[in-house]
*Asks:* 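What follows is a structure written as structure tokens; I'll ask about it next.
Every chain is numbered from 1 and lettered A, B, ... according to where its sequence line falls, protein lines coming before strand lines.
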There are 2 protein chains.
Amino acid sequence: MTMSQSGGRRRPPTIHDVAREAGVSRGTVSRVLNGGHYVSPAAQEAVNAAIRRTGYVVNRHARSLITGRSDSIGFLLTEPQERFFEDPNFNVLLRGCTQALAAHDIPLLLMLAGTDDERRRITRYITAGHVDGVLLVSSHSGDPVAEQLRDAGVPLVMCGKPIGVGSKISYVAADDRDGARDMVRHLVSLGRRRVGMVTGPLDTPGGVERLAGYREVLTESGIELDERLVTSGDYSRASGEAGAELLLERAPDMDAVFVASDLMAQGVLSALQRAGRSVPGDVAVGGFDDSSAAVAASPELTTIRQPYDRISSEMVRVLLAQIGGEDPAAVILPTELVKRRST
Amino acid sequence: MTMSQSGGRRRPPTIHDVAREAGVSRGTVSRVLNGGHYVSPAAQEAVNAAIRRTGYVVNRHARSLITGRSDSIGFLLTEPQERFFEDPNFNVLLRGCTQALAAHDIPLLLMLAGTDDERRRITRYITAGHVDGVLLVSSHSGDPVAEQLRDAGVPLVMCGKPIGVGSKISYVAADDRDGARDMVRHLVSLGRRRVGMVTGPLDTPGGVERLAGYREVLTESGIELDERLVTSGDYSRASGEAGAELLLERAPDMDAVFVASDLMAQGVLSALQRAGRSVPGDVAVGGFDDSSAAVAASPELTTIRQPYDRISSEMVRVLLAQIGGEDPAAVILPTELVKRRST
DNA sequence: CATGCTTCTGTGAGCGTTCACAGTAGAGAA
DNA sequence: TTCTCTACTGTGAACGCTCACAGAAGCATG
């Protein structure tokens, strides 16, 4: 019972051991392992039995050395990390990607590039071929890392539309503009006419698109645009709070507000409450994301659901396809209006 | 300008190329790389220059194949994932571990074991030697994975004290009991005498310890324990809400409540507000964690800060030491009372 | 002049795979 | 019988690195 002391890992069985055990050669075992054809049912069976008996697991390093693939994927975050780690959506995305990859038996390497130094180190690591591809989260504008990786020939998929247009980079995103349109149409259909907006950062495509959707619907509804009703935040709770205060000051008659993220909407709710406005009585509030922040808020937020579970699985699908040689692709997924108590 | 087409990564330089470039042998390059001694300053310099010129990066697979080390660490979560990913502390922990490892140039593999199937697959992967060690988050009782890994000789550090006592497993934890004592002492010092508690799950050490601290301080303060003032939750927001409702029903004269997590405390605040109790006027509320939920709550929560940044760096330190051959170790870190507006 | 010691350097072997190629056996056709 | 074709199997080489070992200097000591 003391056969394996602490730190005393026994040398694991190799493909050689399996071959001997099954009475075949290394080549045959390798063929069975890699689903190759041209292997007899008898050998197939013998090898599988031997694998089970010996508890063999392939040595990925040896395999990678010869195939040149690492059979692993990097998940790279180049945003200021506080903001993203605060965002419940990020978690959903990370979890979804991990699970989608696990279904292919591919490990996910988590990489956080906060500083320039870290970014350089990680870029170097990636371009050295230590991962087969990268899932990139970086909505922040002017981030050169995406193009750098693409130019190095690294398969790459971004979450959200990249800023640098025209560049052949795969991405998966929710339909921001359409989502915004749905929400604003909903607010207008409730009879609200003085509809404000707290946008996201306007140097990101998401921020711009949601604002565009807002403007389109108001115009289509024959409601005059009023710039005093628009201010922008940075997706953080605090910036929502500040935004709402500003809007109330500039347009006290505001009767609805579309907020570009649930987290900011939480801040908006606080500010409205402090100003003595009831929600949704005086002011209807619509969020965006349908993150856990939406149900944590009180009243619970009407919001636009971004299908993060599908986004993550699509990112993985597109990335694996690209690694398999296919061309970069863009995927835009539909959003959904989720009605709750804040409107 | 079309030298690197999409997918066309050039073969990276090998140690051989560097050796030729520097006019030395592979052995010497390897010695420089691995900080070995017995290499002349001249050779040292020549090799470094050659590395810079060629842009050489070591092929980790080839290295791992011979050293037997993978130079990577697994971060394994065997909890129901929803709960943990909802918890802001988990993010801080994950981020901290990633960064602490990055400082050693070690990649972190994220592994999520929700189902039994996934657990088996991952255990197999780990014991096959694909990672050098594991950072394990699994406060949930009766989880066999820790002992399984230990028995397989895999270096292992847990976050939080493991349930199976006596087992030689490293862990890093905050001082739950002491933190609870601080909080309850604080509440008592405010003159509160009917102090309730919503505990965490009592099949976890953290849950038990915080309850123990609560009882100790009340007893020491000469306040009679009243079981109607204690109920337990599962750290989720919803369970805090339910817990507070129960306590109010059983003990309407409650004038303070110690809640074993900030997330649950958010729920408690909602329930109190709905019941028309003012915080901290009628009821003082103390949380635990000092997560981002504490400042998002209104009023902002007085809470016990768990030093998650230090926990993560200690976990990495202990794990690397253990990989280096040292014995398993237990580290208990002090907590800190953070006073805000809820008390 | 041989001997030993220290400091440095080159070389061959081997880590566990996969891949290309050569080979074998058996079936069917000439 | 001999030949060809198909279905399968074994073998050597290679992937890029580290490690152990064998040397080669340079210098002091016997």
*Asks:* Strictly distance-based, threshold 3.5 Å: is any side-chain N or O of B:D17 a donor or acceptor partner for the main-chain N or O of B:T14?
*Replies:*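 Yes, because the side chain of B:D17 sits within donor-acceptor range (under 3.5 Å) of the backbone of B:T14.
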
*Asks:* Just how far, in rounded Å, is C1' of D:dG16 from CD1 of B:I51?
*Replies:* 14 Å

*Asks:* Can you see whether B:D132 engages B:S70 through a side-chain donor-acceptor pair at a distance of less than 3.5 angstrom?
*Replies:* yes

*Asks:* For B:R60 and D:dT18, what is the distance between atoms CZ and P respectively, to the nearest whole Å?
*Replies:* 12 Å

*Asks:* Hey, does B:D309 have a side-chain heavy atom less than 4.5 Å from the side chain of B:L93?
*Replies:*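 B:L93 does not reach B:D309 side chain to side chain.
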
*Asks:* Under 4.5 Å between any side-chain heavy atoms of A:R60 and B:Y125, yes or no?
*Replies:* yes

*Asks:* In B/S/- notation, 5' to 3', how is nucleotides 15-23 of chain C contacted by protein heavy atoms closer than 4.0 Å?
*Replies:* BBBB-----

*Asks:* Measure from OH on A:Y38 to C1' on C:dT24 and round the result to the nearest Å.
*Replies:*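 Answer to the nearest Å: 15 Å.
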
*Asks:* Are A:S40 and D:dA7 close enough that a side-chain N or O sits under 4.0 Å from OP1 or OP2?
*Replies:*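 No, no such contact exists.
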
*Asks:* Decide yes or no for B:I126 and B:M111: does some side-chain heavy atom of the first lie under 4.5 Å from some side-chain heavy atom of the second?
*Replies:* yes

*Asks:* Can you tell me how far C1' of C:dT9 sits from CD of B:E45, to the nearest Å?
*Replies:*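 Distance check: B:E45 CD to C:dT9 C1' gives 18 Å.
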
*Asks:* Any ion pair linking A:R317 and A:E314 (charged N to carboxylate O, less than 4.0 Å)?
*Replies:*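 Counted as a salt bridge, because a side-chain N and a carboxylate O are separated by less than 4.0 Å.
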
